[in-house]
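The figures that follow rest on heavy atoms only: side chains count, while hydrogens, waters and symmetry mates do not. Because the structure is a prediction, the values reported are computed rather than measured.
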Amino acid sequence: MTGLEKIISQIEYESNDRCRIIIEEANKKAQGIIDSAEAEASGILKESEEQTAKKLENMSQSAVSSAELAKSKILLKSKLEIIDDMLDKALNEIRALGDEEYFEIIKSLILNNAKEGEGVLRLSAKDCARLPKDFLSSVNKALGDKKIVLGDEADINGGFLLIYGDIDINCSFDAIASSKRDELRDALNSLLFS
């Protein structure tokens, strides 16, 4: 082997060795980039899974809350229907009372709602037909200085209207039940559903 061949061989050897070192460093860098990318991708995937799990949990809680709200609304509606039905039955029972008991209720309501001066009592046609003979005199005696006279029939279903000039006091059972409905609902709700 000549000197030139030795030099070329030496250059070739060093060149191959240098290329091998460069390739190894490039492979190490490439592997480092791959490892870093895989770690970053794994972190992103884990974060995405956690966010998805949180969203699913929130959606699940929201669905449960919505279902509970719907259930509460249905239950409340059912309770109100039961209470309204009981109120209607109670009003029907009052209307169906015997004359003596019925007109004691009417008298009590008149005494609680009468104003100064002369008032006109208007009853339903049914109540006018069954009005006890001494009812007005009994009421007027209990009123003292106040006075009640019987007026025309009223288009109501039990109870009465009491008229003082321009002032109408509606003591029909339907009006009383309507004005007291929330109060009566609360009372019945505590009795029935507690």
Side-chain angles (χ1 to χ4, degrees), residues 55-194:
K55 284 181 184 177
L56 287 173
E57 177 66 25
N58 288 341
M59 288 172 64
S60 175
Q61 288 176 354
S62 178
V64 168
S65 294
S66 294
E68 287 176 357
L69 180 61
K71 176 185 167 188
S72 294
K73 284 182 179 180
I74 291 169
L75 187 60
L76 177 62
K77 182 180 177 193
S78 297
K79 284 181 176 182
L80 291 177
E81 287 173 358
I82 290 168
I83 290 169
D84 287 344
D85 186 48
M86 290 194 69
L87 287 173
D88 289 341
K89 285 180 181 178
L91 288 175
N92 288 332
E93 284 187 31
I94 291 172
R95 290 180 187 114
L97 287 173
D99 291 350
E100 187 176 325
E101 292 173 296
Y102 182 82
F103 281 100
E104 278 302 313
I105 292 172
I106 298 291
K107 180 178 179 180
S108 175
L109 284 170
I110 292 171
L111 295 176
N112 287 331
N113 289 283
K115 305 290 180 207
E116 292 296 324
E118 183 175 279
V120 177
L121 177 68
R122 295 185 62 204
L123 300 167
S124 70
K126 180 181 176 183
D127 289 348
C128 283
R130 67 182 195 159
L131 184 68
K133 291 182 183 178
D134 63 343
F135 180 75
L136 281 177
S137 61
S138 170
V139 169
N140 283 322
K141 185 176 182 182
L143 284 174
D145 296 342
K146 304 171 190 172
K147 185 174 180 181
I148 300 295
V149 295
L150 188 61
D152 297 334
E153 294 174 354
D155 187 18
I156 56 175
N157 188 9
F160 59 90
L161 301 176
L162 199 51
I163 315 294
Y164 288 94
D166 293 338
I167 299 171
D168 292 358
I169 302 170
N170 189 346
C171 290
S172 66
F173 294 138
D174 291 331
I176 293 170
S178 178
S179 70
K180 301 284 187 180
R181 189 160 299 274
D182 289 337
E183 188 178 321
L184 292 170
R185 280 180 175 171
D186 290 342
L188 285 174
N189 186 40
S190 65
L191 287 173
L192 295 174
F193 304 109
S194 295

ask   = Which distance, rounded to the nearest 0.5 Å, do you find between the CG of L136 and the CD1 of I110?
value = 7.5 Å

ask   = When rounded to the nearest 0.5 angstrom, what distance separates CD1 in I176 from CG in L91?
value = 9.0 Å

N140: partners by side chain to side chain donor-acceptor pair (under 3.5 Å), with sequence neighbours left out = none

key: Closest non-hydrogen atom pair between G159 and I106, with its separation   = CA-CD1, 3.7 Å

query = So how far is it from I156 CD1 to L161 CG, rounded to the nearest 0.5 Å?
reply = 4.5 Å

ask   = Roughly how far, to the nearest 0.5 Å, is the CG atom of D127 from the CG atom of D99?
value = 9.0 Å

ask   = How many angstroms lie between atom CG of D152 and atom CG of L123, to the nearest 0.5 angstrom?
value = 11.5 Å

inquiry  = Between the side chains of R95 and D174, is the shortest nitrogen-to-carboxylate-oxygen separation below 4.0 Å, so that they form an ion pair?
reply    = yes

query = Looking at OG of S172 and CG of N157, how far apart are the two atoms once the value is rounded to the nearest 0.5 Å?
reply = 9.0 Å

task = Please check if the side chain of S60 supplies one atom and the backbone of L56 the other of a donor-acceptor pair under 3.5 Å.
result = no

message = More than 12 heavy atoms of other residues, nucleotides or ligands under 6.0 Å from CG of D155: yes or no?
response = no

ask   = So, S108 side chain and E104 main chain: donor-acceptor pair closer than 3.5 Å or not?
value = no

request  = Flag this pair as yes if the NZ/CZ of R130 is under 6.0 angstrom from the six-membered ring centre of Y102 and inside a 45 degree cone about the axis; otherwise no.
outcome  = yes

query = Would you find a donor on one side and an acceptor on the other, under 3.5 Å apart, between the side chain of R122 and the backbone of I163?
reply = no

ask   = Shortest non-hydrogen contact from I105 to I94?
value = CD1-CG2, 4.2 Å

task = Identify the two heavy atoms, one from L162 and one from A114, that lie closest to each other, and give their separation to 0.1 Å.
result = CD2-CA, 4.0 Å

ask   = Which residues satisfy the side chain to side chain donor-acceptor pair (under 3.5 Å) test with D88, sequence neighbours excluded?
value = none

query = Counting only heavy atoms not in E100, do more than 12 fall under 6.0 Å of its CD?
reply = no

